[in-house]
Amino acid sequence: MKKKLKKKRMHNIKDIRSDIDKFIESISKRNIKLDKNEITELDIKNRTLIQEKEKLEKEKKDISKTKDKTLFEKSKKISLEIDSISKKQSEVKIELENILSSIPNIPLEDVPNGKDESSNIEIEKKGNIKKFNFQPKSHHEIGEKLNMMDFDLATKTTGSRFVFIKDKIALLERALSNFMLDKHILENGYTEISPPLLASENTMYGTGQLPKFESDQFEVKLDDKNDRKFLIPTAEVILTNIVKDKIINKKDLPMRLVAATPCFRKEAGSYGKDTKGMIRQHQFYKVELVSIVEPNHCSDELERMTNCATGILDSLKIPYRKVILCSGDMGFSAEKTYDIEVWLPSENKYREISSCSSCGTFQSRRMKARYKNDKNETNHVGTLNGSGLAVGRTLIAILENYQEADGSITVPEVLRPYMNNLKKITNN
RNA sequence: GGAGAGAUGGCUGAGCGGUUGAAAGCACCGGUCUUGAAAACCGGCAAAGGGGCAACUCUUUCCUGGGUUCGAAUCCCAGUCUCUCCGCCA
């Protein structure tokens, strides 16, 4: 298992070699300093050893072709030499790859520079923020008052950061999933997938969750310790890996996939943050969009995908804004990311509800996902993923934005067909 | 859980110790033909890595990892996965 992992890499050493200064500079935008000499030396050492090894291999091969018995002894000796060089070479290679695999994706040119979220830039604001003539309540107050949301019960059965959703709000949650799925399938050209919720170690590696972010993942205990499986933190993991180890026919691109799944996250390091309510849970539903495209279409596809996500909020008539993440705030695999944030009246601010990223060929290189282009050449595909949307947080946004003074919830019109035409969620 | 069979290029599928990196077909790319298309015909077409400005060339790879051999897709061992039959079960 482990051995399979070490073969993979994120960055192509050839590209780095061709302009290492530029590469190091690009990565520095992510607040990461690379040691140029270390990388260069390992690369040269590696290639020197490869050359030595190949020379001997050729010699050995030639002997074998002659079938000359007098040379057989020599061939045996060469084999031993090859073994020793090849051992050295693979050590160097692993060392080099360990360095390369810790390097995140390079931000695209149009990504703003910055250290953290304070440098993110708002690029669009949409929807009307409703003025309440009463103090708007938080979603968990509303839900608990209606007796349709129970955090204490979840603590009893499971632990903290879980919730029981009941009755009409459970229906609302289900309606949201179905509404989003239908829209993406029928209007946006996505194909529905109902995937496994467990992913192998290798799969987790492909999209970048492992090895660096293992502590965020829930691992499932299995009898066989070599067989490690994880609950998916997002359907992105399992959907994107559909093309792992494949060479895709160009005519099958773009592939657009959508899935509504539970997601599981440990959220290590976020204790004390958003402890109340459903904002940050260990388990939540999310409708996930994944696109597999020709790499030169990544930027266009990112715009398209983001529009698919905001389209849901447009239909639900919930105010939101679109933000482009700065270089320091982007996820590990992303080259460019838009966050969509919804307005939450109780907090009087926008909160993230979707994140749409282009990963360029970063993930496909780790997954070995390729396609044949117009010239019949084999190239890595581009991968994108985005939430369309996080169902739990959309639920929150609806409760808060559609709340009434009497504690009831008006059901957004587009959801009513999914809720037996229910217009209002009330206590009785 | 028991008993068998298998894993080969984008796909299907031959090969079972020595120019086999791998037949054949499909798909794909280029061309001839055609008003255009189809059909037919001709040609091309694996990947990764190394060297070279380049033409080109070398190495590795037939599930993975070990072993036997001068030489392995082919033989041996271990593992993974898939299929069929039986049992069990949502």
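Here is the naming used below: chain letters follow the sequence lines, and residue numbers restart at 1 for every chain.
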Under a 3.5 Å cut-off for both distances, is [N] Watson-Crick or wobble paired, and to whom?
N: rA3(B); answer: rU84(B)
N: rU32(B); answer: rA40(B)
N: rU20(B); answer: none
N: rC53(B); answer: none
N: rU69(B); answer: none
N: rU64(B); answer: rA78(B)
N: rG25(B); answer: rC11(B)

Phosphate OP1/OP2 of rC45(B) contacted by Lys372(A) side-chain N/O (<4.0 Å) =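 Negative; the distance criterion is not met.
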Could you check which of [options] has an atom nearest any side-chain atom of [X]?
X: Ser75(A); options: rG50(B), rU59(B), rC70(B); result: rC70(B)
X: Lys76(A); options: rA48(B), rC70(B), rG44(B); result: rC70(B)
X: Arg47(A); options: rA48(B), rC70(B), rG51(B); result: rG51(B)

task = May I ask you to say whether Asp274(A) pairs ionically with Arg351(A), meaning some side-chain N is under 4.0 Å from a carboxylate O?
result =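 Answer for the salt bridge query: yes.
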task = Between Asn46(A) and Asp62(A), name the one whose nearest nucleotide on RNA chain B is closer to the 5' end.
result =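 Result: Asn46(A).
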key: Given RNA chain B, 5'-ward residue of the pair Lys14(A) and Lys55(A), judged by closest heavy atom   =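 Here Lys14(A) is the residue nearer the 5' end.
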ask   = Any chance the side chains of Glu301(A) and Ser291(A) put a donor and an acceptor closer than 3.5 Å?
value =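 Present: a donor and an acceptor within the cut-off.
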request  = Mind calculating the distance between CG (Asn202(A)) and P (rC63(B)) to the nearest angstrom?
outcome  =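 Checked: the CG to P distance equals 18 Å.
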ask   = Which whole-number value in Å describes the distance from Gln89(A) CD to rG49(B) C1'?
value =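 Distance, rounded to whole Å: 9 Å.
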Heavy atoms under 4.0 Å, any strand shown: does [X] hit a base, just sugar-phosphate, or nothing?
X: Ile63(A); answer: nothing
X: Lys60(A); answer: sugar-phosphate
X: Thr378(A); answer: sugar-phosphate
X: Ser64(A); answer: base
X: Lys250(A); answer: nothing

inquiry  = Looking at Phe218(A), I'd like to know if the NZ or CZ of Arg265(A) sits under 6.0 Å from its six-membered ring centre while staying within 45 degrees of the ring's axis.
reply    =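 No cation-pi geometry.
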task = Measure from NZ or CZ of Lys322(A) to the centre of the six-membered ring of Tyr338(A) and say whether it is under 6.0 Å with the direction within 45° of the ring axis.
result =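 That pair qualifies as a cation-pi contact.
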request  = Could you give the distance separating rG44(B) and rG25(B) at their P atoms, to the nearest angstrom?
outcome  =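 Those two atoms are separated by 13 Å.
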inquiry  = Set out, in order, the CA-CA distance, both residues' side-chain angles and the distance that settles side-chain contact (heavy atoms from CB on, under 4.5 Å) for His139(A) and Gln403(A), then state yes or no.
reply    = CA-CA 9 Å; His139(A) 70 278; Gln403(A) 62 179 302; over 6 Å; no
Base rG51(B) to side chain Glu54(A), donor-acceptor N/O within 3.5 Å cut-off =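 Under the 3.5 Å cut-off, the side chain and the base do not form any donor-acceptor pair.
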task = Measure the shortest side-chain to side-chain distance between Cys356(A) and Thr337(A) over non-hydrogen atoms and say whether it is less than 4.5 angstrom.
result =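 When only atoms from C-beta onward are counted, Thr337(A) and Cys356(A) do not touch, as no gap falls below 4.5 Å.
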